[in-house]
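One structure is given here, and the rest of the page talks about it.
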Amino acid sequence: MTFAIHGLTVSRGVAIGRAVLVASSRVDVAHYFIEAGDVAAEIDRARKGRDAVVEEIHRLQETITHMGPKEAPHELAALLDVHLMLLQDEELVRGVKHWITDRLYNAEWALTTQLEIIVRQFDEMEDEYLRERKADLEQIAERTLRAMKGTASPMVVQPSRSTRKPSQQDLLLDDTVDVPLVLIAHDLSPADMLQFKQSVFAGFITDVGGKTSHTAIVARSMDIPAVVGARTASQLVRQDDWVIIDGDAGVVIIDPSSIILAEYGFKQRQVELERGRLLRLLNTPAVTMDGEKVQLLANIEMPEDAQAALKSGALGVGLFRSEFLFMGRQSRLPDEEEQYQAYKRAVEGMQGLPVTIRTVDVGADKPLDNSQRDTAHLNPALGLRAIRWSLADPAMFLTQLRAILRAAAHGQVHLLVPMLAHASEIRQTLSHIDHARATLDNKGIAYGPVKIGAMIEIPAAALNVKLFLKHFDFLSIGTNDLIQYTLAIDRADESVAHLYDPLHPAVLRLVSETIAECRAQGKDVSVCGEMAGDVSLTRLLLGMGLRSFSMHPAQILAIKQEVLRSDTTKLAPWARRVCQAEDPVREMASKAL
Ligand code: PEP
Ligand code: MG
């Protein structure tokens with residue numbers, strides 16, 4: 001039966017494919033595709049994991065037979081019997097084999113997928129006793145996952161899966177073709193997302209997350225349709241269901257009829273045509289109708305993204321979120337050499353164009369590892385995040401600074417510092433940079449010059465921008481956090497997503513006054529938050545005087561098209577009126593330019 005789920009739009013376009021559910025587990029589970037030749041070995045790994053738990057239970061049974069009823073009540077022995085029975089359950093074993101063999105899932109993914117299916121069956125049971133066995137099943141799965149930990153083979157990307165685009169006819173008639181896959185999860189960390197970035201999914205859906213959550217940002221950078229905040233999607237959709245993601249509307253359609261499929265197939269082709277049209281602007285300079293030059297830069301997460309940045313016609317990298325090098329590594333942080341090599345790759349990849357490397361910004365919705373999510377503090381977004389984390393661990397910070405300075409010997413590098421608010425933080429940061437240079441001097445290691453910039457993403461910084469301009473060569477406005485902190489809206493929380501408003505008068509005032517002050521002092525300023533890649537806001541930002549925008553490479557051509565159609569002499573007075581209006585949205589709409 002066809003039904004639809006509404007969420008928040010993250011990334012535009014249409015994806016049609018079969019659902020791949022990623023179950024959330026209390027154990028940190030890796031999801032990756034194995035090579036076809038490794039199926040037998042992977043099944044063996046799953047079997048060994050299970051055997052280890054069976055053995056563990058046998059040992060426990062042995063121990064309790066020597067105990068009295070007080071230390072080992074009768075229920076315990078019965079429970080162990082149930083666990084043994086569940087471990088050997090035919091459906092579980094067969095299912096795991098199926099996902100490994102037919103879908104090339106790694107053993108852990110296969111186990112959690114099958115578990116999810118069985119758990120749903122348990123949920124539907126009338127019998128309360130049987131329903132409660134669900135918890136036992138989860139326990140034994142967790143123990144098996146733990147037993148398998150450390151035995152995983154290195155991650156493999158399976159490039160062949162969705163390289164062939166099936167035709168509409170394929171989709172309608174033939175279930176056996178190599179159809180696109182759509183990933184559905186309750187939640188995905190930015191690190192998970194990064195892992196999937198190299199993978200084969202045609203679209204993403206998550207139950208939780210706001211439009212500017214980091215998970216959404218990485219999904220957007222993959223330039224595939226995605227919807228977040230779809231609340232119960234991961235419970236309502238079943239493995240292998242046909243799913244349509246309408247990224248423009250933030251709607252997910254499950255089990256679509258052939259008429260709906262055909263309609264969305266048409267829409268998909270329209271989106272592709274539009275992309276093709278935009279490609280014609282690739283080599284056109286971004287200059288407004290009145291001759292103002294506009295710099296369009298790329299936001300990247302990994303050095304390899306430099307390629308996509310160049311391909312999109314970006315004039316440099318305006319934001320390299322270096323924290324992605326630090327995430328998902330079980331706390332083994334990259335050392336100076338590894339970081340240096342990564343930054344150098346990004347710098348060389350940009351072939352002489354500038355690269356703005358932001359120092360690490362972990363914390364809040366970007367934990368180093370899924371297992372290290374900050375649950376100890378009530379408001380991690382207000383806690384030890386970004387520069388606060390760096391200043392709390394000077395050795396780690398100095399390591400990163402030295403690596404960035406060394407990479408600057410290979411091309412133009414700008415160093416950007418996130419989340420500064422206090423004069424003392426500015427002083428400490430600058431003194432650490434001096435210290436890093438001095439260490440390199442002492443060791444005779446080569447490094448290059450860098451421009452040093454600060455992110456304006458805390459209202460206190462925007463209100464105190466003159467202080468920042470005394471100390472920094474350039475500023476970059478992080479509107480994602482600036483909005484979050486100005487409006488007290490958690491950017492990762494879908495339940496308050498409707499209050500996350502880039503056009504709130506307070507936000508517009510902080511952004512426009514920061515731009516105006518930079519221009520008055522002749523300092524470079526750019527916007528690197530999601531506002532910069534939102535075509536509906538391009539004219540407003542141009543009208544505020546912004547001439548440098550940094551965004552996902554996929555957005556660059558659409559923004560360029562908007563720039564080419566704009567006349568800043570008309571936009572400036574209009575933007576002033578919008579910023580002063582009680583209702584900026586109405587003001588924008590009533591006198592649209
Ligand atoms: C921002 O806050 O706008 C920004 C660009 O940084 P991030 O999204 O990584 O927090
Ligand atoms: Mg930020």
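Each ligand, and each atom within it, is numbered from 1 in the order the structure gives. Heavy atoms only: backbone and side chains are in, while hydrogens, waters and symmetry mates are out.
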Check against side chain to side chain donor-acceptor pair (under 3.5 Å), S550 and N299: CA-CA 6 Å; S550 193; N299 290 355; 2.6 Å; yes
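- For ligand 1, the atoms closer than 4.0 angstrom to any heavy atom of C528 are 5 (C).
- Residue R321 approaches ligand 1 through these ligand atoms, each under 4.0 Å from one of its heavy atoms: 4 (C), 5 (C), 6 (O), 7 (P), 8 (O), 9 (O).
- Considering just the N/O/S atoms of D481, the one nearest the Mg ion (ligand 2) carries the name OD2.
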Worked verdict on Y343 versus Q400 for side chain to side chain donor-acceptor pair (under 3.5 Å): CA-CA 10 Å; Y343 304 143; Q400 176 167 43; 2.9 Å; yes
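- Residue D361 has at least one heavy-atom neighbour below 4.0 Å for each of these atoms of ligand 1: 10 (O).
- E323 places no side-chain N or O within 3.5 Å of a backbone atom of V362 that could act as its donor or acceptor partner.
- Residue contact check: L319 has heavy atoms under 4.0 Å from atoms 5 (C) of ligand 1.
- Every atom of ligand 1 is numbered from 1 in the order shown, and the set under 4.0 Å from a heavy atom of K366 is 9 (O).
- Atom 7 (P) of ligand 1 has as its closest protein heavy atom H214 NE2, 3.2 Å.
- No hydrogens or angles considered: a donor-acceptor pair under 3.5 Å links the side chains of D207 and S234.
- Interface of D481 with ligand 1, defined as ligand atoms under 4.0 Å from a residue heavy atom, comprises 1 (C), 2 (O), 3 (O), 10 (O).
- Using modelled atom types, one finds a donor on one side chain and an acceptor on the other under 3.5 Å when comparing S221 with E301.
- Looking at atom 6 (O) of ligand 1, its nearest protein heavy atom turns out to be R358 NH1, 2.9 Å.
- Using a cut-off of 2.8 Å, one finds that D361 contributes no N/O/S atom close to the Mg ion (ligand 2).
- Shown in contact with I217 at under 4.0 Å from a heavy atom are these atoms of ligand 1, numbered in order with element: 8 (O).
- T538 and E562 form no side-chain donor-acceptor contact under 3.5 Å, judged by distance and modelled atom types alone.
- Close contacts of ligand 1 with G478, meaning ligand atoms under 4.0 Å from a residue heavy atom, involve 1 (C), 2 (O), 3 (O).
- For the pair E323 and ligand 1, the shortest N or O to N or O distance does not fall below 3.5 Å.
- A salt bridge is defined here as a Lys NZ or Arg NE, NH1 or NH2 lying under 4.0 Å from an Asp or Glu carboxylate O, and R491 with D481 meets this definition.
- Among the candidates K366, R388, R321, the single residue satisfying the salt bridge (Lys or Arg N to Asp or Glu O under 4.0 Å) test with D361 is K366.
- Remark: R406 is positioned above the aromatic ring of Y340, its terminal NZ or CZ atom under 6.0 angstrom from the ring centre and at most 45 degrees off the axis.
- Taking each of E457, M455, E301 in turn, the one with a heavy atom nearest to atom 2 (O) of ligand 1 proves to be E457.
- Across the listed options R491, R385, Q484, R491 owns the non-hydrogen atom lying nearest to atom 8 (O) of ligand 1.
- Using bins of under 30°, 30° to 60° and over 60° for the plane-to-plane angle, the ring pair H432/F397 lands in the perpendicular bin.
- Checked against the Mg ion (ligand 2), the N, O or S atom of E457 at the shortest distance is OE1.
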